[in-house]
Amino acid sequence: MQLKLDNNVSQFADEIEALSGLNLYDCYQCGKCSAGCPVSQFTQESPTRLIRLIQLNQKETVLNSKTPYLCASCSTCSERCPMEIDVAKVMETVRILASREGVKPAVKEVVNFSGAFLDSVKSNGRLFEFGMTISFNLRNRTPLKDAMLGPVMLQKGKLGLFPQSIKNKEKIKNIFNNSSYFEPKEEKKEH
């Protein structure tokens, strides 16, 4: 990969800090985060390298990277960091910034799964696996993916045909409504 260095090196790191509250210049590239990352062998850049790219103002490369989408958010990286940088939060912040700037997710299946999961919890108060699976498959435009497993799972009682209801669904909806801080904001069009 060829890097095009920018003299304005702090701009992207400052953007990350404004949203997450994390100072990425505290990172001195020890690599402990990457050494403990269970998915680093599948990512484009290791967590260490992604932070270095942020420090070098490589915004386009970072926002188009698969790494933030493949992050399992297990926080092993955050726990191992001697400078107490919450690397998992950095990954989330990069995903949010990419969404806000209209960058298509590098791994759309992760975003589709997250959306299907959260929509299910928001509308039912808990996960409705059957509905979430259908929603996920439709979002990926693969409506019949794994359809042959459905009857077997239904027969074994591993899936329910209808969502189970919980008390106080409104409290769950309020949690979603109050957590809209990181949601991308739609800009008003000027006429």
### Query
Do Met91 and Cys77 pass the side-chain contact (heavy atoms from CB on, under 4.5 Å) test, and can you show the C-alpha distance, the side-chain angles, and the key distance before you say yes or no?
CA-CA 11 Å; Met91 299 296 173; Cys77 49; over 6 Å; no
inquiry  = Could you work out, with side-chain contact (heavy atoms from CB on, under 4.5 Å) as the rule, every residue matching Lys32, not counting sequence neighbours?
reply    =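 In terms of side-chain contact (heavy atoms from CB on, under 4.5 Å), with neighbours along the sequence ignored, Lys32 is linked to Cys30, Arg80, Pro82.
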Closest approach of Leu159 to Leu154 (non-hydrogen atoms, all atoms of both residues) =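 In this case the closest contact between Leu159 and Leu154 is O-CD2, 3.4 Å.
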Using the rule that two of Ile, Leu, Val, Met, Phe, Trp, Tyr join whenever any of their side-chain heavy atoms come within less than 4.5 Å, decide whether Ile166 and Met132 are in one cluster.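 Ile166 and Met132: one cluster.
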To check you understand the geometry: which heavy-atom pair defines the closest contact between Pro68 and Ser65, and what is its length?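 That closest heavy-atom pairing would be CD-O, 3.5 Å.
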- Message: Is there a side-chain contact between Cys74 and Pro38 in this structure, where contact means two heavy atoms from C-beta onward sitting under 4.5 Å apart?
- Response: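 Yes; the side chains approach each other to less than 4.5 Å.
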Is atom CD of Glu60 surrounded by more than 12 heavy atoms (other residues, nucleotides or ligands) closer than 6.0 Å?
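No, the 6.0 Å shell around CD holds no more than 12 heavy atoms from other groups.
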Between Ser123 and Asp119 (side chain of the first, backbone of the second, donor and acceptor by atom type, cut-off under 3.5 Å), is there such a pair?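 Here the side-chain-to-backbone pair exists.
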For the student: nearest non-hydrogen atoms of Pro143 and Leu138, plus distance: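 The answer is CB-CD2, 3.9 Å.
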### Task
Verify the cluster assignment for Phe117 and Phe128: are they in a single hydrophobic cluster under the rule of side-chain heavy atoms below 4.5 Å apart?
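Different clusters: Phe117 never reaches Phe128 through Ile, Leu, Val, Met, Phe, Trp or Tyr contacts under 4.5 Å.
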Item to check | Set of residues satisfying side-chain contact (heavy atoms from CB on, under 4.5 Å) with respect to Asn112, sequence neighbours excluded | outcome: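 Once residues adjacent in sequence are excluded, the partners of Asn112 under the side-chain contact (heavy atoms from CB on, under 4.5 Å) criterion are Lys108, Phe136, Arg139, Asn140.
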- Query: So, Thr43 side chain and Ser40 main chain: donor-acceptor pair closer than 3.5 Å or not?
  - Reply: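 Side chain of Thr43 to backbone of Ser40, a donor-acceptor pair under 3.5 Å: yes, one is there.
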**side-chain contact (heavy atoms from CB on, under 4.5 Å) against Lys167, all qualifying residues, sequence neighbours excluded** =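 Result, side-chain contact (heavy atoms from CB on, under 4.5 Å) vs Lys167: none returned.
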Is the side chain of Ser135 donor-acceptor paired with the backbone N or O of Ala116 at a distance under 3.5 Å, no angle test?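 Pair absent, no side-chain N/O of Ser135 close to backbone of Ala116.
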Practice task
Would you give the length of the straight line joining atom NZ of Lys158 to atom CD of Glu129, rounded to the nearest 0.5 angstrom?
Solution key: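 CD of Glu129 is found 11.0 Å from NZ of Lys158.
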Are Leu63 and Leu19 connected in the hydrophobic side-chain network, where two residues link if heavy atoms are under 4.5 Å apart?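 Leu63 clusters together with Leu19.
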Look at the side chain of Ser34 and the backbone N and O of Thr48, then say whether any donor-acceptor pair between them is shorter than 3.5 Å.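 Flag set: sc Ser34 to bb Thr48 pair under 3.5 Å.
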Q. If you round to the nearest 0.5 Å, how far is OG of Ser46 from CG of Leu53?
A.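 Leu53 CG to Ser46 OG: 9.0 Å, rounded to 0.5 Å.
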Under 4.5 Å between side-chain heavy atoms, hopping through other hydrophobics if needed: is there a path connecting Leu161 to Met153?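 Same cluster.
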(request) Would you please test Gln29 and Gln55 for side-chain contact (heavy atoms from CB on, under 4.5 Å) and show each step? (result) CA-CA 11 Å; Gln29 303 289 298; Gln55 291 172 338; 3.9 Å; yes
Exercise for the section: Could you grab the distance from atom CD1 of Ile85 to atom OH of Tyr25, nearest 0.5 Å is fine? Expected result: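 Interatomic distance, Ile85 CD1 to Tyr25 OH, rounded to 0.5 Å: 12.0 Å.
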For a side chain to side chain contact (heavy atoms under 4.5 Å, CB included) with Ser114, tell me which candidate from Leu118, Val110, Val111 qualifies.
->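 Per the side chain to side chain contact (heavy atoms under 4.5 Å, CB included) rule, the option paired with Ser114 is Leu118, out of Leu118, Val110, Val111.
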For the student: nearest non-hydrogen atoms of Val87 and Pro47, plus distance
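Closest heavy-atom pair between Val87 and Pro47: CG1-CB, 3.9 Å.
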- Task: Can you measure from OH (Tyr69) to CG (Asn64) and round to the nearest 0.5 angstrom?
- Result: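 Here the rounded value is 8.5 Å.
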ask   = Salt bridge check: are Lys89 and Glu92 linked by an N-O gap of less than 4.0 Å?
value =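 No, no charged N to carboxylate O under 4.0 Å.
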**Prompt:** Between Phe113 and Val107, is there a shared hydrophobic cluster once you connect ILVMFWY residues whose side-chain heavy atoms come closer than 4.5 Å?
**Reply:**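 Unlinked, Phe113 and Val107 end up in two clusters.
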* Nearest 0.5 Å please: distance from the CG atom of Leu56 over to the CD1 atom of Ile51. =>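 So the CG of Leu56 and the CD1 of Ile51 are separated by 12.0 Å.
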*side-chain contact (heavy atoms from CB on, under 4.5 Å) between Phe12 and Glu15, intermediate numbers included*: CA-CA 5 Å; Phe12 188 38; Glu15 214 175 322; 4.0 Å; yes
Carefully, step by step, assess Leu97 and Val94 under the rule side-chain contact (heavy atoms from CB on, under 4.5 Å).
-> CA-CA 5 Å; Leu97 282 174; Val94 169; 5.8 Å; no
key: Between CG on residue Asp26 and CD on residue Glu17, distance to nearest 0.5 Å   =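 Reported value, rounded in 0.5 Å steps: 8.5 Å.
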